[in-house]
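Just so it is clear, the values below take in all heavy atoms, side chains as well, and ignore hydrogens, waters and symmetry mates. All chains are named by letter (A, B, ...) in the order of the sequence lines, taking the proteins before the strands, and each is independently numbered beginning at 1.
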Amino acid sequence: MPSLQPVRGTHDILPEEILRHRHVEQTAMDVASLYGFAEIETPIFEFTEVFARTLGDTSDVVTKEMYTFEDRGGERLTLRPENTAGVARAFISNGLSQRLPLKLCYRGPMFRYERPQKGRLREFHQVGVELFGVEQAVADVEVIALAAQFLDSLGLRGRVRCELNTLGDMESRQAYRDRLVSYLMDFRDRLSEDSRERLERNPLRILDSKDEGDRGIIEGAPAMADSLTDAARKFFDDLRDGLNRIGIDFRLNDRLVRGLDYYCHTVFEFVTNDLGAQGTVLAGGRYDGLVSQMGGPKTPGVGWAAGVERLGMLVENAPAAPRPICIVPFGSAMTADALALVQQLRQKGYAADLGYSGNLAKRLKRANKMNARAAVIMGEDEMARGAVTLRDMDSGNQTEIPLDDLIDRLSAFR
RNA sequence: GUGGGAAUAGCUCAGCUGGUUAGAGCACCGGAUUGUGGAUCCGGGGGUCGUGGGUUCAAGUCCCAUUUCCCACCCCA
């Protein structure tokens, strides 16, 4: 029996649900293309190094959440836990630094070995964008504007808010890290166990702690803003000015940090209160060091990723499947004619279906269940006259029309 | 990885302190209606009560283990 249930943290996406899934993905791709982003698809697995080196040796994603295995050739491979590293790798592999600035977007499954929860799966889907080669803050503005427009297009305006922070450049970040650690060291014994652990691995994350005791200590902690270099401060000013100029709402949150090592300067999250603890629906930032760290030419970058399942849970009106025209042959002699007709309609671009068996009532019932827009009844009586009955399934009105007129008349039910 | 809750029909759930053949609503199928769907009425199929052990004359109910889901931590999209 255990073998018949899907692997923990995975699930089947049934037809009704996949409509919403596709809606989220397609909206992302459509809006991204308005901003000049072109879709790229990278492999679902990469050499483990691609992720291990870029995400940070101490990040949880690398240390305990990757699906890593050895293939038959003895290569160490990993199912991608996110796609920025893969896209950066593709950027280098394909020599795309010749085409800067470069805007790429993607969609697809990601894999993390985590304890499942609502909005947190082991196989999940993301859509995302990456912009390479622009070092000015205007790139960050555009990328955030794209995120906002994408979420608006899904009808989520008002249900998500944008939170923004800066980590500064490498220099600022290091200086801040040192100041923060020395401040926190004084309270070491009063910190939660988790945070004492973080003190070594990723002290910035302590800012994000939910522990009551930690929060009190954090209140007195030095602020990132005071450690920014002039250049980093200017960058952040430019970013905020740009967002204000085009009317993108955001809220500064100096506790906002990212878990992955490659971020610098801009970090942002779009969050909702409607999904419990997994409220982050889209997040990203700037990663100027990533490409060079992987061995490529020094290339700045900025991007984000969004969780398709999480967004799917928020989206209220996903588009429905197209309503078919249902062919209802009546009497066995009509079946061959019905088959020919349904085929003809499909080739003309109509969603069309056949009632396979049963009496007229049963076939109409089935047509109703298929949410058919109209039914074409092919009974012996009217067929003898070279006619069919066209029934509007919404109003219940029906008329007998010559078979030759059918295609024309159907255009009303497009 | 840590802590807590849950698992009974396809779905949502009842099933009291253990006691004959485990129920309801919705859904599904059939009939009333062999040329007219959505409504109504009538009938029907469906369950190794997540799985494996144990206690007991007797376990859906109690105990242990295990799997999965949910909530929170952690992490992140």
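In this entry B/A24 has B/U12 as its Watson-Crick or G-U wobble partner, both defining distances falling under 3.5 Å. When both distances must be under 3.5 Å, the Watson-Crick or G-U wobble mate of B/G47 does not exist. B/U17 makes up no base pair with any nucleotide shown, lacking Watson-Crick or G-U wobble contacts both under 3.5 Å. Pairing for B/A7 goes to B/U67, judged as Watson-Crick or G-U wobble with the two contacts each under 3.5 Å. Nucleotide B/U2: paired with B/A72 (Watson-Crick or G-U wobble, both distances less than 3.5 Å). Remark: B/G37 base-pairs with no nucleotide in the shown strands. Criterion, Watson-Crick or G-U wobble with two distances under 3.5 Å.
As rounded to the nearest Å, B/U56 and B/G18 have P atoms that lie 16 Å from one another. Only the C1' atoms considered, B/C16 is 15 Å distant from B/C62, to the nearest whole Å. Across B/A32 and B/A14, the matching P atoms stand 38 Å from one another, rounded to whole Å. Here, B/A27 and B/C70 have their C1' atoms 24 Å apart, quoted to the whole Å. For the C1' atom pair drawn from B/G30 and B/G23, the interatomic distance equals 23 Å after rounding to whole Å. Between the C1' atoms of B/G60 and B/U17, the separation comes to 15 Å (whole Å).
Base engagement by A/Gln278 is indicated by at least one non-hydrogen atom pair under 4.0 Å involving a base atom. Residue A/Asp394 is in base contact, counting any heavy-atom pair closer than 4.0 Å across all strands shown. Contacts of A/Asp211 with the nucleic acid, taken as non-hydrogen atoms under 4.0 Å apart, are absent. Counting any heavy atom pair closer than 4.0 Å across all strands shown, A/Arg258 reaches sugar-phosphate atoms only and no base atom. Among the protein residues, A/Ala283 comes within range of the sugar-phosphate backbone only, with heavy atoms under 4.0 Å from sugar or phosphate atoms but none that close to a base. Using a 4.0 Å heavy-atom cutoff across all strands shown, A/Met393 reaches at least one base atom of the nucleic acid. Counting any heavy atom pair closer than 4.0 Å across all strands shown, A/Gly9 reaches sugar-phosphate atoms only and no base atom. Among the atoms of the strands shown, base atoms are found under 4.0 Å from some heavy atom of A/Glu382.
The side chain of A/Ile377 sits closest to B/G35 out of B/U68, B/G35, B/C76. Side-chain proximity of A/Gln5 to B/U67, B/U34, B/C73: nearest is B/U67. For A/Gln117, taking side-chain heavy atoms from C-beta onward, the closest of the listed nucleotides B/C74, B/C76, B/U2 is B/C74. Among B/G37, B/C74, B/A77, the nucleotide with an atom closest to any side-chain atom of A/Leu364 is B/G37.
The residues A/Asp288 and A/Arg286 are annotated as salt-bridged, a charged nitrogen and a carboxylate oxygen being separated by less than 4.0 angstrom.
Side-chain nitrogen and oxygen atoms of A/Lys210 include at least one within less than 4.0 Å of the OP1 or OP2 phosphate oxygen of B/C73. OP1 or OP2 of B/C28 has at least one side-chain nitrogen or oxygen of A/Lys369 nearer than 4.0 Å. Regarding contacts with the backbone of B/U36, every side-chain N or O of A/Lys362 stays at 4.0 angstrom or more from both OP1 and OP2. Between B/C69 and A/Arg8, a contact under 4.0 Å exists linking OP1 or OP2 to a side-chain N or O.
In the interface, the side chain of A/Arg115 is paired with the base of B/G3 through a donor and an acceptor atom under 3.5 Å apart. A donor-acceptor contact under 3.5 Å is formed by the side chain of A/Arg120 with the base of B/C74. In the interface, the side chain of A/Arg391 is paired with the base of B/G37 through a donor and an acceptor atom under 3.5 Å apart.
Between A/Tyr183 and A/Phe187, the ring planes are tilted. Angles from 30° to 60° get that label. By the 30° and 60° cut-offs, the orientation of the rings of A/Tyr263 relative to A/Tyr287 is perpendicular.
Defined by atom type and a distance below 3.5 Å, a donor-acceptor pair is present between the side-chain atoms of A/Ser227 and A/Arg179.
The CG atom of A/Asn83 sits 4.5 Å away from the CZ atom of A/Arg80 when rounded to the nearest 0.5 Å.
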